[in-house]
Structure formats: structure tokens, C-alpha cells
Amino acid sequence: MLICGKEVDFKISRLKDVGNFEMALEEMKTKEEEIKEYKGPMTGLIEKCINMFRDFFKKATGTDVLEACEDMDEAKNAYFKFLDEIKKQKTEVLGITAADIK
């Protein structure tokens with residue numbers, strides 16, 4: 001799949017990939033809590049958010065798709081695009097519809 005112009009070799013049906021994905025999601029939850037508690041300047045907040053998404057991609061896929069990213073919206077949109085692609089893969093692999101995926 002193509003995310004932010006970079007080819008990402010990720011298949012939800014591949015055991016290693018789904019394991020990395022689940023681990024990255026768990027680590028992201030921890031970082032989200034840290035971000036909620038952050039009281040510093042806006043620049044620091046935006047940097048923390050971008051890095052949270054960057055770390056997610058690196059851990060989940062092994063590819064730094066946000067390597068040069070300096071825009072929090074771009075990082076967030078890349079994350080949601082990735083999740084949409086995973087939903088499509090789940091539908092194909094499991095034979096279920098997107099509405100069935102939670």
C-alpha cells in the first residue's frame with residue numbers, strides 16, 4: 001500500500017505484521033495519555049503528536065512514512081488512511097464487510 005508517497009509492505013493476514021500492528025497500537029495508547037497531560041508550548045504538542053504517529057508507523061510497518069513530516073494533520077490523515085487500508089484487507093481476507101469490523 002502507498003502511504004505518504006512511500007510503499008508499505010503490510011498485510012493484516014501476515015502474523016508478524018498483525019503482531020507489530022497490535023503492539024504499535026498499545027504503545028500509541030500510552031503516548032496519547034502522555035500527550036493529554038502535556039502542559040508545554042503548542043510547538044511541543046504538535047511535535048509530540050507527529051512523533052506518536054511516526055513511531056506508530058515505524059513499529060507497525062517498519063517504514064518511516066512520516067520521515068520529513070512537520071504537519072500534524074498530514075500525520076493524522078496518513079494514520080487514518082492506513083487504518084482504512086487495513087479495513088479493506090480484513091474484508092478481503094476474512095470475507096466480512098467493513099460494517100462488521102469494529
Side-chain angles (χ1 to χ4, degrees):
M1 75 182 70
L2 196 62
I3 306 287
C4 290
K6 294 192 178 184
E7 187 63 35
V8 176
D9 180 21
F10 181 92
K11 289 173 63 179
I12 201 67
S13 62
R14 195 179 304 147
L15 187 58
K16 179 182 174 190
D17 288 355
V18 77
N20 290 341
F21 174 70
E22 289 172 344
M23 183 176 57
L25 284 176
E26 284 301 315
E27 290 182 21
M28 191 175 194
K29 287 179 188 177
T30 302
K31 290 181 181 181
E32 283 177 321
E33 291 303 317
E34 291 172 8
I35 289 170
K36 287 179 185 176
E37 301 294 321
Y38 181 73
K39 303 286 189 227
M42 187 72 169
T43 53
L45 178 65
I46 290 172
E47 182 178 31
K48 285 182 176 296
C49 289
I50 292 169
N51 286 335
M52 176 184 68
F53 290 118
R54 177 179 286 126
D55 290 344
F56 167 83
F57 277 111
K58 287 174 19 181
K59 287 182 173 99
T61 70
T63 304
D64 186 0
V65 300
L66 300 174
E67 182 178 8
C69 181
E70 294 185 355
D71 185 322
M72 187 173 67
D73 281 339
E74 182 181 326
K76 180 180 66 173
N77 290 337
Y79 173 73
F80 288 125
K81 179 180 180 189
F82 181 70
L83 294 182
D84 285 344
E85 291 295 323
I86 289 174
K87 285 181 183 179
K88 289 177 190 174
Q89 287 184 11
K90 281 183 176 181
T91 300
E92 292 172 9
V93 169
L94 302 174
I96 58 177
T97 67
D100 297 328
I101 299 171
K102 298 185 187 220

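Any value given below was found using the heavy atoms of this structure, including those in side chains, with hydrogens, waters and symmetry copies removed. All values derive from a computational prediction rather than experimental measurement.
The side chain to side chain contact (heavy atoms under 4.5 Å, CB included) test applied to Glu67 returns Lys6, Asp64, not counting sequence neighbours. With sequence neighbours excluded, the residues forming a side-chain hydrogen bond (donor to acceptor under 3.5 Å, both in side chains) with Lys31 are Asp55, listed by chain and number.
The backbone N or O of Met1 lies less than 3.5 Å from a partner atom in the side chain of Glu7, making a donor-acceptor pair. For the pair Glu22 (side chain) and Ala60 (backbone), a donor-acceptor distance under 3.5 Å is absent. Between the Thr63 side chain and the Val65 main chain, no donor and acceptor come within less than 3.5 Å of each other. Between the side chain of Asp17 and the backbone N or O of Ile12, no donor-acceptor pair lies under 3.5 Å.
With values rounded to the nearest 0.5 angstrom, Ile35 atom CD1 is found 11.0 Å from Thr30 atom OG1. If you take CD1 on Ile50 and CG on Asp71, they are separated by 6.5 Å, rounding to the nearest 0.5 Å. Here the CZ atom belonging to Arg54 is positioned 9.0 Å from the CD atom belonging to Glu47, to the nearest 0.5 angstrom. With rounding to the nearest 0.5 Å, the separation of NZ in Lys87 from CD in Gln89 is 13.5 Å. Between atom CG of residue Asn77 and atom CG of residue Asp84 there is a gap of 10.5 Å, rounded to the nearest 0.5 Å. Atom CG of Asn20 sits about 14.0 Å away from atom NZ of Lys58, to the nearest 0.5 Å.
Salt-bridge annotation for Asp73 and Lys76: present, with a side-chain N of the basic residue lying under 4.0 Å from a carboxylate O of the acidic one. In this structure, Glu27 pairs ionically with Lys59, as a charged nitrogen and a carboxylate oxygen lie closer than 4.0 Å.
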Worked check of side-chain contact (heavy atoms from CB on, under 4.5 Å) between Lys90 and Val93: CA-CA 5 Å; Lys90 281 183 176 181; Val93 169; 5.9 Å; no
Evaluation steps, side-chain contact (heavy atoms from CB on, under 4.5 Å), between Glu34 and Lys48: CA-CA 9 Å; Glu34 291 172 8; Lys48 285 182 176 296; 5.8 Å; no
Salt bridge (charged side-chain N to carboxylate O under 4.0 Å, His left out) between Lys88 and Glu85, intermediate numbers included: CA-CA 5 Å; Lys88 289 177 190 174; Glu85 291 295 323; 3.6 Å; yes
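With a 6.0 Å radius and a threshold of 12 heavy atoms from other residues, nucleotides or ligands, Leu2 has its CG atom above the threshold. Other residues, nucleotides and ligands contribute at most 12 non-hydrogen atoms within 6.0 Å of the CD atom of Glu70.
Between Ala75 and Leu66, the shortest heavy-atom distance links the atoms CB-CD1, 3.7 Å.
Residue pairs meeting the ring-ring contact (aromatic ring centres under 6.0 Å, His included) criterion with at least one member in residues 62-81, sequence neighbours excluded, are Phe53-Tyr79, Phe56-Tyr79.
Follow the hydrophobic side-chain contacts under 4.5 Å out from Leu83 and you never reach Met23; the two are in separate clusters. Using a 4.5 Å cut-off between side-chain heavy atoms of Ile, Leu, Val, Met, Phe, Trp and Tyr, with links allowed through other members, Met72 and Leu45 fall into the same hydrophobic cluster.
Side-chain contact check for Phe21 versus Thr61: every heavy-atom pair is 4.5 Å or farther apart.
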